[in-house]
Amino acid sequence: DAKTTQPNSMESNEEEPVHLPCNHSTISGTDYIHWYRQLPSQGPEYVIHGLTSNVNNRMASLAIAEDRKSSTLILHRATLRDAAVYYCILLTDSWGKLQFGAGTQVVVTP
Amino acid sequence: GAVVSQHPSRVICKSGTSVKIECRSLDFQATTMFWYRQFPKQSLMLMATSNEGSKATYEQGVEKDKFLINHASLTLSTLTVTSAHPEDSSFYICSARVRMGGHEQYFGPGTRLTVT
């Protein structure tokens, strides 16, 4: 399975941007980059996904490196509600199976 | 839209009994549903892939006779933990892909199983 590497944790002040890096050096040409987040005691929540081009939605932006070996999830203005574990996952399976890694714990400080 | 529910949210059962957990897509049809297990302070582990009308596909190391999965309709999948033991105590989460939809998966709120 294609793997991703993320920092264990990141801390941010409220209302400041958060840049979450993800390395995926073994990504193949057809792998999509997905991001999910999980708040405590809840199921994960879809955040964003992309293939080659940068993507924006109401929750976040996804910046994908030109060689696709890394990507960055950008939360433009962190709020306390954004405190969660963020998972960067490569979707390699046509059925859509997601293999979760350890993720990055985001801590938002008031 | 794209809401997935699970029932029950919490269940406590005695060792040796069986427990059924339901996963429903409330406002969409799901061709494929997935079951995950999450132990405290760990990440989610994919257990099985469930397709409507066919047998589930289990990940390596997951006992299919212990974790029975039924996907009877496009909106309902069930996970039955048979002969539960304390080591089966965990947070069980399902997810669903929208039929003819995009890549994203929608997750249920999870079911906390405690086996005493």
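So you know, we letter chains A, B, ... as the sequences are listed, proteins then strands, and number each from 1.
- Atom CG of A/Asp67 sits in a crowded spot, with more than 12 heavy atoms from other residues, nucleotides or ligands closer than 6.0 Å.
- Between A/Tyr36 atom OH and B/Leu44 atom CG the span is 11.5 Å, to the nearest 0.5 Å.
- The side-chain heavy atoms of A/Gln38 and B/Ile93, taken from C-beta on, include a pair separated by under 4.5 Å.
- Taken to the nearest 0.5 Å, the OG atom of A/Ser41 stands 9.0 Å off from the CD atom of B/Gln38.
- Using a 4.5 Å cut-off between heavy atoms, A/Ile48 does not touch chain B at all.
- Heavy atoms of B/Gln6 lying under 4.5 Å from chain A are absent altogether.
- To the nearest 0.5 angstrom, A/Lys97 atom NZ is 11.5 Å from B/Gln105 atom CD.
- A continuous path of Ile, Leu, Val, Met, Phe, Trp and Tyr side chains, each step under 4.5 Å between heavy atoms, connects B/Tyr36 with A/Ile89, placing both in one hydrophobic cluster.
- More than 12 heavy atoms of other residues, nucleotides or ligands sit less than 6.0 Å from atom CD of B/Glu87.
- In summary, the aromatic rings of A/Tyr46 and B/Phe107 are positioned with their centroids too far apart to meet the 6.0 Å limit.
- Hydrophobic clustering keeps B/Met33 apart from B/Leu74 (ILVMFWY residues linked when any side-chain heavy atoms are closer than 4.5 Å, directly or through intermediates).
- Around NZ of B/Lys66, the count of heavy atoms belonging to other residues, nucleotides or ligands within 6.0 Å exceeds 12.
- At a threshold of 4.5 Å between side-chain heavy atoms, the hydrophobic network of Ile, Leu, Val, Met, Phe, Trp and Tyr places B/Trp35 and A/Leu98 in two separate groups.
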